[in-house]
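Contents: one structure, followed by commentary.
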Amino acid sequence: SHLYPLPPGVDIADPEGLRAFVATLPLGAFLIVLFSHLMGAFSAAFTCIKIVGQPWWTGPIVIGALLMMGGVANLVMIPHPIWFAVADLLGYLPSAIAGGKVAASTIQPTFDDA
């Protein structure tokens, strides 16, 4: 919102005004949003694996799927360019899995004496 502020008079509660604003956004705005969505999936899955403390692939897959569903809802409510919709929806699961893999690679094995 700092780099690409709403023009005066645009109300985000007005769907038509918001759609018109999104249609005027430059490529950089969409790339920032895409990057934030993918990094959100990555960091959420990374955190999930770090909390669990062991490789567990159900968590990152569920996280990626839930974020993808949120992405679908966002795309239904606010029209975006086709390239953005495709990249956004195809990026959630791979980003979440990558976050899980990076976290799993940093987990130190523990050995129980019992």
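A quick note: this is a predicted structure, and the numbers were derived from the prediction, not measured. Note that the numbering runs from 1 along the sequence shown for the chain.
Leu34 and Trp83 make their closest contact through CD2-CZ3, 4.4 Å (heavy atoms, listed as atom of the first residue, atom of the second, distance). Closest approach of Met77 to Arg19, counting heavy atoms only: O-NH2, 3.3 Å. Nearest heavy-atom pair, Gly100 versus Pro60, reported as atom, atom and distance to 0.1 Å: CA-CG, 4.1 Å. When every heavy atom of Gln54 is checked against every heavy atom of Ile107, the shortest pair comes out as N-CD1, 3.5 Å.
With rounding to the nearest 0.5 Å, the separation of CZ in Phe42 from OG1 in Thr47 is 9.5 Å. Atom CZ of Phe35 sits about 9.5 Å away from atom OG of Ser95, to the nearest 0.5 Å. One distance of note links CG of Asn74 with CE of Met68; it measures 14.0 Å at 0.5 Å rounding. The distance from the CG atom of Asp88 to the NE2 atom of His80 is 7.5 Å, given to the nearest 0.5 Å. The structure places CZ of Phe30 at 5.0 Å from CG of Leu25, a figure rounded to the nearest 0.5 Å.
Using a 4.5 Å heavy-atom threshold, the side chains of Phe84 and Leu31 count as separate. Taking the side chain as every heavy atom from C-beta outward, Ile32 and Tyr4 approach each other to under 4.5 Å. With a 4.5 Å cut-off on side-chain heavy atoms, Cys48 and Trp56 count as touching. Residues Ile49 and Val102 have side chains not in contact (no heavy-atom distance under 4.5 Å, counting atoms from C-beta outward). For the pair Leu67 and Ile63, the minimum side-chain heavy-atom distance is below 4.5 Å.
Leu27 and Leu38 end up in the same hydrophobic cluster when Ile, Leu, Val, Met, Phe, Trp and Tyr side chains are linked at under 4.5 Å. Cluster annotation: Val22 is connected to Leu3 through the hydrophobic network of ILVMFWY side chains, with a link wherever side-chain heavy atoms come within less than 4.5 Å. Criterion: ILVMFWY side-chain heavy atoms under 4.5 Å apart, direct or through other members. Under it, Met69 and Leu75 are not part of a common hydrophobic cluster. Residues Leu93 and Val72 share a single hydrophobic cluster, defined by chaining ILVMFWY side chains whose heavy atoms lie under 4.5 Å apart. In terms of hydrophobic clustering, with Ile, Leu, Val, Met, Phe, Trp and Tyr side chains grouped at heavy-atom distances under 4.5 Å, Leu89 and Ile82 are assigned to different clusters.
Remark: side-chain polar atoms of Ser36 are paired, donor with acceptor, to backbone N or O of Val33 under 3.5 angstrom.
Of the candidates Ile78, Leu6, Asp11, Leu6 is the only one forming a side chain to side chain contact (heavy atoms under 4.5 Å, CB included) with Phe21.
Annotation: Lys101, atom NZ; neighbour count of heavy atoms from other residues, nucleotides and ligands within 6.0 Å does not exceed 12.
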